[in-house]
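As the structure lists them, so they are numbered: ligands from 1, and atoms in each ligand from 1.
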Amino acid sequence: MEKTVRVRFAPSPTGFLHLGGARTSLFNWAYARKMGGVFILRIEDTDVARSTDESVEVILDSLRWLGLNWDEGPEVDGPYKPYYQSLRLPLYQEQIKKLLQTGKAYRCFCTAEELAERREKAMAEGKNWRYDRKCFQLSPAEVEDRLNHGASSVVRFFIPEGETSFIDMLRGDVTFNNIELDDFVLLKSDGMPTYNFACVVDDAQMKITHVIRGDDHISNTPRQVLLYKALGFPVPQYAHIPMILGKDKTRLSKRHGSPSVTYYRDKGYLPDAMVNYLARLSWASGEEEK
Ligand code: GLU
C-alpha cells in the first residue's frame, strides 16, 4: 500500500504571509488534496527575537482567506502536536543527546570573536573558511570540565567526507560535495535549535513524506539529508519550486511594494483570483484562464 502523503507549510512568524509563502503553501495544500493526503501547518518560531504572535495571526488569517485549510497545526492540533517549534524544545534536546553520544555532533566553545579572527586570517591567506574543528579535538574530560565551569557552547554537526545526493522531483539528481558544507550549528548557546536541525527533527517526527518548498532552500537540503541519515530517519522526497521574482529578476520582497496576501485582500482582490494567479505562476498550462 502507498504511504499517505503528508506535506507541510512551515512559516517563520516574522512578518506577513508574502506571495512566495502563499504559493508554497498552495502547492503543498493542492498536492495533499489531490493525493488524499494530509496538509500540516507548523510554526517555526525558534528565532525568539523576530517571531511575534501578531505575525502568527496574520499568517493564519491569510491562509484562511485563501481557503488553504490545514488538517494538523495551530488551533486544530493533531497527533504530532505541538505544532509550534518553541513548544517542542525537549524533542530537540533528545535528538541532540543521541548525536552527541554517537560522536556525530560535538560541543564547540569558540566565541564569535575567535571565529571572526580565524575567518579573517583564512581569508587573508586566500583560503575558504569552514569551521576548523578546533573543538572537535577536545577530549570528553575537557568538554565536561568546561561545561562544569559554566562555559557557553553550541553543538555542531560533524559533516562526514564524501558526497550527498538527493532526487528532486523537479530537478532530478542533485549532488553536493560535502566539502562545501560546514560543521554547522545544531543547537545555539541559548539552547534553541537552528532551522536545519529543528526542521529535520520535526519533519521526521511529523512523518512528512514530501518536502515542497522554495528553491532558496536547496543548499540546506544536503545538510538536512545528512542529518536524517545521522539520526536514522527516512529521508523524504523533495520538490524545490522556483522563487517568484520581481521585474528586476530578484526575489519578490517588500522592496517591490508590499506583496503580502493581506495587502491584496485589503485592496479588494478576491481570494479565488489570488489562488488562480498563484497556481498558474511559473509553469505553462495553456491559455485557459479562470
Ligand atoms: N521556516 C522556513 C522558512 O520559512 C521553512 C523552510 C522549509 O520549508 O523547510 O523559510
Does [Y] offer a backbone N or O that forms a donor-acceptor pair with the side chain of [X] under 3.5 Å?
X	Y	result
Ser55	Ser51	no
Arg251	Met243	no
Glu142	Ser139	yes
Glu114	Thr111	yes

**Request:** Among all protein heavy atoms, pick out the one at the shortest distance from atom 8 (O) of ligand 1; state its residue, atom name and that distance to 0.1 Å.
**Result:** Arg8 NH1, 2.6 Å
**Prompt:** At what distance is the nearest protein heavy atom to atom 10 (O) of ligand 1, and which residue and atom is it?
**Reply:** His217 NE2, 2.9 Å
**Request:** Mark up the atoms of ligand 1 that fall under 4.0 Å of a heavy atom belonging to Arg213, in ascending order.
**Result:** 7 (C), 8 (O), 9 (O)
**Prompt:** If you count the atoms of ligand 1 from 1 in the order shown, which ones are under 4.0 Å from a heavy atom of Glu44?
**Reply:** 1 (N), 2 (C), 5 (C)
**Request:** Check the angle between the aromatic planes of Phe176 and Phe166 and answer parallel, tilted or perpendicular using the 30° and 60° thresholds.
**Result:** parallel
**Nitrogen or oxygen of Ala10 less than 3.5 angstrom from that of ligand 1** = yes
**Side chain to side chain, Val155 and Tyr106, heavy atoms closer than 4.5 Å** = no
**Prompt:** Does at least one non-hydrogen atom of Tyr195 fall below 4.0 angstrom from an atom of ligand 1?
**Reply:** yes
**Request:** For ligand 1, indicate whether the residue Cys199 contacts it via side chain, backbone, both or neither (heavy-atom separation under 4.0 Å).
**Result:** side chain
